[in-house]
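Both backbone and side-chain heavy atoms feed into the values below; hydrogens, waters and symmetry mates do not. Just so you know, ligand 1 is whichever comes first in the structure, and atom 1 is the first atom listed for that ligand. We're numbering straight along the sequence, starting at 1.
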Amino acid sequence: MKAVKRNILLNPGPSTTTDTVKYAQVVPDICPREAEFAGLMKNLREDLVKIVHGDPAVYTAVLFCGSGTMNIDVCLNSLLPAGRTVLVVNNGAYSTRAVEICRAYGLPHIDLRFPVDEQPDLALVEQTLREHPEIALVHTTHNETGTGLLNPIREIGALAHRYGAVFTVDTTSTYAMRPIDVNRDNIDFCMASAQKGLMSFTGLSFVIGRRELIEQSADYPMRSYYCNLFLQYDNFEKTGEMHFTPPVQTIYATLQALKEYWAEGEEGKWARHTRVFEAICKGLDELGFRQVIRPEWRAGLVASVRYPNDPNWSFQAVHDGCYRRGFTIYPGKITGADTFRLCALGAIDAPDIEAFFRALREVLGELGVKVPVQY
Ligand SMILES: *Cc1c(COP(=O)(O)O)cnc(C)c1O
């Protein structure tokens, strides 16, 4: 097996993959309607539920062919009964995406907004639930990837349940990294895609949730044909297959990625991501960079960094210099603040981050940006 050039991706997914995962895509051609392929998907779905400690009698994983946003779309459009309302606990770009999806489908919704650099006020969440008994679904984002802020999902889920609502969480940027337990965390539905925490490739996304609620949703208005949760679930139950063509090669790669996940282990993997994140924070501190999110609210996977105040600073030029050296950094996603992001996803470890900061120092030197950086 020939080694593939290794790039260190510090963007919020797709993430750096191992060569074994890359090469797992190279398989004999197969029609995905063969029983052999359905068997692979069965194991895959069971593993996806196991990662979040779901009881397989209660929870199931439904696969889709698409990027991660598809999961948000699927959950919101499929799980809302007629005449009821969605509550989005919104403190960032990804919860705003959920609001945009509600708008696109014309779903009645409440956009309960909080500052992007703060955890939501739970008293206000509760008050909203109390005043609006029409709320049937509460949605939020676990790690707001736009800022790296961790949301208190266990507490929000408990409130949702106290007021009889279903709780859906966008765990795309925590799944298979920061440990999740659907029971302990009060999650009815969570979601992710293969190219983030699992360190596989784009094209496979999945919703993990309660079978009973999916079965109930058979009677809800069908607002999408391709992105309907019950239809896809029902097809899996009856045939073991995706309704339409699955992302064949990504599924092979993801099966390999799962082997590597279990070999590293939940704890070991989270410890590695934590090492990477700590190395990122240390490197930023040494250069004088300031992060947006206060330490105790960070999800430990995304550092959101303010641009320094230096006439020679140019994000694009810094990006290009790092890119030429094999490191990809990413722009921020906060309106009204100039930021960039460094993420701890992927098959990388602390020495990769140390190498990145050596490269970054070189680039800053070439551009004449003063170090430590000034604000
Ligand atoms: C990456 C991500 C998504 C999905 O984005 P796609 O570009 O559609 O893959 C959704 N939610 C969160 C929180 C994410 O980090």
Taking only heavy atoms of R97, which atoms of ligand 1 are found under 4.0 Å from at least one of them?
5 (O)

What orientation do Y225 and F244 show, parallel under 30°, tilted 30 to 60°, or perpendicular over 60°?
tilted

Salt bridge flag under 4.0 Å for residues K50 and E46:
no

Group every Ile, Leu, Val, Met, Phe, Trp and Tyr by side-chain heavy-atom contacts under 4.5 Å, then state whether V88 and I187 land in the same group.
yes

Look only at interatomic distance and state if S193 has a nitrogen or oxygen under 3.5 Å from any nitrogen or oxygen of ligand 1.
no

Using a plain distance cutoff, I'd like to know if S67 has any nitrogen or oxygen under 3.5 Å from a nitrogen or oxygen of ligand 1.
yes

Check: W270 ring centroid to F277 ring centroid under 6.0 Å
no

Atoms of ligand 1 under 4.0 Å from any heavy atom of D170, numbered from 1 in the order shown, are 10 (C), 11 (N), 12 (C), 13 (C)

So H319 and Y323, would you call those rings parallel, tilted or perpendicular, with 30° and 60° as cut-offs?
parallel

Below the 3.5 angstrom mark, is there an N/O of K196, backbone or side chain, next to an N/O of ligand 1?
yes

Any nitrogen or oxygen of P12 lying under 3.5 Å from a nitrogen or oxygen in ligand 1? Just yes or no.
no

Distance under 4.0 Å to a non-hydrogen atom of T145: what atoms of ligand 1 satisfy this?
12 (C), 13 (C), 14 (C), 15 (O)

